[in-house]
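See structure below.
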Amino acid sequence: MTQMNYTDSTRVAIIANGKPQSRRVADRIFKALRDDPDFYLTKRNPDIVISIGGDGMLLSAFHAYEKELERVRFVGVHTGHLGFYTDYRDFEVEELLRNLREDRGEKVSYPILKVSLTLSDGRIVTSRALNEATIKRLEKTMVADVLVNHVLLDRFRGDGLAVSTPTGSTAYNKSLGGAVLHPTIEALQLTEIASLNNRVYRTLGSPIIVPKKDLIEIVPKRVGAYVLTVDNKTYHHRNVQRVTYEIDQAKISFVATPRHTSFWQRVKDAFVGEEHEI
């Protein structure tokens, strides 16, 4: 049976990584929704994006639809290691399908990061990050002024700097010694990457939490080649004049179902595990 009238149907995109288990789960969901008149399967202008794999796959799905965030809601199916963005395991497909059929459009929304790169020729390149963005210098130690809300806070020397969202606070930020933030907090976190701290050079030396209204600016003080990452994307630029970071006006939204796992439960599962009696 082929759907003909889909104007009132929920438009669903299914995206999976190349692993066999992910492909099997995607095929199972596709067959279940294909002949359901309440759903229309399409990659164009979806209402719901089902990401199958892990956090990396959901990052890719986010960037594929980052210009449609006002419309799109995401839901993740986990087929590998523990993921912070996945509400369902691969053996919970029937529960996912049941919840999708009972869905009434409710969502849970989290802030994302807007990155603006200004080059010396005046060009401005903007992008969005769900987790974090970093800047590093290739050839030598990076020297850069750090401004928060237009106040010169620090002159940084070291490998680089990272700015993360609350949802990204459990990713690279945590490995840099940053704090874990609840994803509903509209704030950014700036962490240092291997800073130089001695009797000659000194940095703040600790992560800082920046509220929504404040802008973070990083102004490199040396000409050279820089590597900028935005989530799982990497860019190389020369003659970077400045990079600014702020909370984006848009948010990422997830399908709010009974399976949308508590953030603190995810933190426990990922980093603490089960309690054991001594």
Basic-acidic side-chain contact under 4.0 Å: Arg238, Glu139: yes
- request: Salt-bridge test for Arg23 and Asp27: reply yes if a basic N is under 4.0 Å from a carboxylate O, no otherwise.
  value: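 Judged by the 4.0 Å cut-off on N to carboxylate O distance, Arg23 and Asp27 do not form a salt bridge.
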Qualifying salt bridge (charged side-chain N to carboxylate O under 4.0 Å, His left out) pairs with a residue from [range], counting only residues at least two apart or across chains:
{"range": "residues 239-248", "result": "Arg128-Asp248, Glu217-Arg242"}
{"range": "residues 170-181", "result": "none"}
{"range": "residues 40-52", "result": "Asp47-Arg71"}

message: Ring-plane angle category for His182 and Phe263, please: parallel below 30°, perpendicular beyond 60°, tilted otherwise.
response: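 Perpendicular, since the angle between the ring planes exceeds 60°.
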Not counting sequence neighbours, which residues clear side chain to side chain donor-acceptor pair (under 3.5 Å) with [X]? List them please.
{"X": "Gln241", "value": "none"}
{"X": "Arg123", "value": "Asp121"}
{"X": "Asp154", "value": "none"}
{"X": "His237", "value": "none"}

- request: Check whether any side-chain heavy atom of Val77 lies under 4.5 Å from a side-chain heavy atom of Ile50, and answer yes or no.
  value: yes
- prompt: Should Thr165 and Leu130 count as side-chain neighbours, where that means a heavy-atom distance under 4.5 Å?
  reply: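 A side-chain contact is absent here, since even the closest heavy-atom pair is not under 4.5 Å.
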- line: dist Phe254:CZ -> Tyr85:OH (nearest 0.5 Å) comes out at 6.5 Å
By side-chain contact (heavy atoms from CB on, under 4.5 Å) - contacts of Lys140 (at least two apart):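 For Lys140, the residues satisfying side-chain contact (heavy atoms from CB on, under 4.5 Å) (neighbours in sequence not counted) are Arg137.
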query: Sequence neighbours excluded, which residues qualify as side-chain contact (heavy atoms from CB on, under 4.5 Å) partners of Ser60?
result: Met57, Asn232
- request: Start with the C-alpha distance between Tyr226 and His236, add both sets of side-chain angles, then the distance that settles side chain to side chain contact (heavy atoms under 4.5 Å, CB included), and finish with yes or no.
  value: CA-CA 6 Å; Tyr226 289 85; His236 293 79; over 6 Å; no
No-hydrogen, no-angle side-chain donor-acceptor test under 3.5 Å, Thr229 and Thr234: no
Residues that Arg222 engages under salt bridge (Lys or Arg N to Asp or Glu O under 4.0 Å), provided they are two or more places apart: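 Checked Arg222 against salt bridge (Lys or Arg N to Asp or Glu O under 4.0 Å); zero matches.
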query: Who pairs with Lys221 by salt bridge (Lys or Arg N to Asp or Glu O under 4.0 Å), at least two apart in sequence or on another chain?
result: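 Testing Lys221 for salt bridge (Lys or Arg N to Asp or Glu O under 4.0 Å), a comparison that skips the adjacent residues, returns Asp145.
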Solution key, residues 205-215 side-chain donor-acceptor pairs under 3.5 Å, sequence neighbours excluded:
from	atom 1	to	atom 2	distance (Å)
Lys212	NZ	Glu186	OE1	3.4
Asp214	OD1	Asn149	ND2	3.3

task: Answer yes if Leu181 and Tyr172 sit in the same cluster of Ile, Leu, Val, Met, Phe, Trp and Tyr residues linked by side chain heavy atoms under 4.5 Å apart, and no otherwise.
output: no
